[in-house]
Amino acid sequence: MTRHRMATCLWFDGTAREAAEFYAATFPDSHVGPALASPADNPSMREGQELTVEFTVLGQPFLGLNGGPAFRFNEAVSFQVYTDTQEETDRYWNAITGGGGQASDCGWCRDRFGLFWQITPRALMEAISDPDRAAAKRAMQAMMTMQKIDIAAIEAARAG
C-alpha cells in the first residue's frame with residue numbers, strides 16, 4: 001500500500017496495468033508499484049482480478065483503478081509534460097500518439113487509453129510569456145497552427 005499522502009486515481013476499463021507499464025516505459029522517474037486484487041466480486045470484475053495498480057509517472061504517484069466502462073477520460077483533465085529539447089518533445093509525442101493514440105492541436109494529444117496530454121516545450125512557455133508582447137503574439141499565433149510543437153518554428157516566429 002502506498003506511503004504517499006495523495007495520489008491521482010485514474011479510472012480505466014480493465015487496462016490499468018497496461019497503461020501503468022506504458023507510462024513507466026515512456027517517461028523517466030516512473031515505475032509500476034503494487035497491485036491489489038479485488039477481495040470480492042463487484043460490478044466490474046470477479047474476486048481475485050486486479051482492482052488497482054499503483055504507479056509513478058515523472059515522480060508523481062497515481063492509482064489505476066480497473067473500474068469498467070462507466071466513465072471515460074476527456075480534455076477537461078490533461079497532463080502537461082514540459083520538455084527541454086525538440087528530441088524530447090518528439091520522443092514523448094510519438095510515444096503518446098503511437099499505437100492507437102491521436103494527435104490534436106497546440107501540443108495536445110491523446111494516448112491509446114484515452115488520457116489527454118500536453119507535450120509542452122519550455123521554449124514555448126518562454127516565448128508566449130515574452131515581455132515583448134508582439135513577440136509573444138507571434139509565438140502564440142505560430143503555436144496555434146501546430147499539432148506537435150516545433151521549437152525552431154516557435155523561436156523563429158518569436159524573433160519576427
Side-chain angles (χ1 to χ4, degrees), residues 1-36 44-45 49-130 136 139-155 157-158:
M1 176 152 282
T2 187
R3 299 177 97 163
H4 298 284
R5 293 184 49 103
M6 185 174 136
T8 301
C9 181
L10 300 173
W11 183 295
F12 292 91
D13 184 11
T15 59
R17 173 163 298 281
E18 181 184 352
E21 290 172 351
F22 170 69
Y23 304 141
T26 300
F27 298 103
D29 194 18
S30 303
H31 67 274
V32 179
L36 174 67
S44 299
M45 68 190 57
Q49 290 182 301
E50 192 169 77
L51 179 63
T52 64
V53 61
E54 295 177 25
F55 60 100
T56 299
V57 179
L58 292 166
Q60 300 296 311
F62 292 91
L63 180 74
L65 170 68
N66 285 315
F71 301 107
R72 298 279 180 226
F73 300 116
N74 66 47
E75 294 90 341
V77 174
S78 65
F79 298 117
Q80 191 166 40
V81 176
Y82 298 104
T83 60
D84 293 316
T85 66
Q86 189 66 52
E87 177 183 60
E88 185 180 30
T89 301
D90 294 348
R91 185 169 56 84
Y92 292 158
W93 180 271
N94 293 337
I96 296 296
T97 61
Q102 184 177 9
S104 190
D105 296 329
C106 305
W108 287 65
C109 52
R110 183 178 66 200
D111 68 28
R112 67 180 179 255
F113 306 102
L115 276 169
F116 290 84
W117 299 78
Q118 297 176 61
I119 308 303
T120 308
R122 293 181 197 279
L124 170 64
M125 301 309 290
E126 291 169 12
I128 65 174
S129 62
D130 191 313
M140 181 76 165
Q141 289 172 327
M143 186 259 321
M144 296 296 289
T145 68
M146 300 175 185
Q147 287 192 321
K148 178 177 64 178
I149 304 301
D150 179 333
I151 295 171
I154 293 293
E155 290 174 346
R158 180 181 185 186

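Numbering of residues begins at 1 and proceeds along the displayed sequence.
Residue pairs meeting the salt bridge (Lys or Arg N to Asp or Glu O under 4.0 Å) criterion with at least one member in residues 65-88, sequence neighbours excluded: Asp13-Arg72, Asp84-Arg122.
No donor-acceptor pair under 3.5 Å is formed between the side chain of Ser30 and the backbone N or O of Ala24.
The ring of Phe73 has its center closer than 6.0 angstrom to the ring center of Phe12.
Here the side chains of Ile151 and Thr89 are in contact, with some heavy-atom distance below 4.5 Å. Between Lys148 and Asp90, some side-chain heavy-atom pair lies under the 4.5 Å cut-off. Annotation: side chain of Asn66 is not in contact with side chain of Leu51 (no heavy-atom distance under 4.5 Å). Contact of the Phe116 side chain with the Val77 side chain is not registered, since no non-hydrogen atoms from C-beta on lie closer than 4.5 Å. With contacts defined as side-chain heavy-atom distances shorter than 4.5 Å, the pair Ile149/Thr120 does not qualify. The shortest side-chain heavy-atom distance between Val81 and Trp93 does not fall under the 4.5 Å cut-off.
Aromatic ring orientation, Phe27 versus Trp117: parallel (interplanar angle below 30°, classes split at 30° and 60°). Using cut-offs of 30° and 60° for the angle between ring planes, the Tyr23 and Phe55 rings count as tilted.
Considering Met143, Met140, Gln118 as possible partners of Cys106, the one that fulfils the side-chain contact (heavy atoms from CB on, under 4.5 Å) test is Met143. Checking Thr83, Asp150, Ile154 one by one against Pro121, the side-chain contact (heavy atoms from CB on, under 4.5 Å) holds for a single residue, Thr83.
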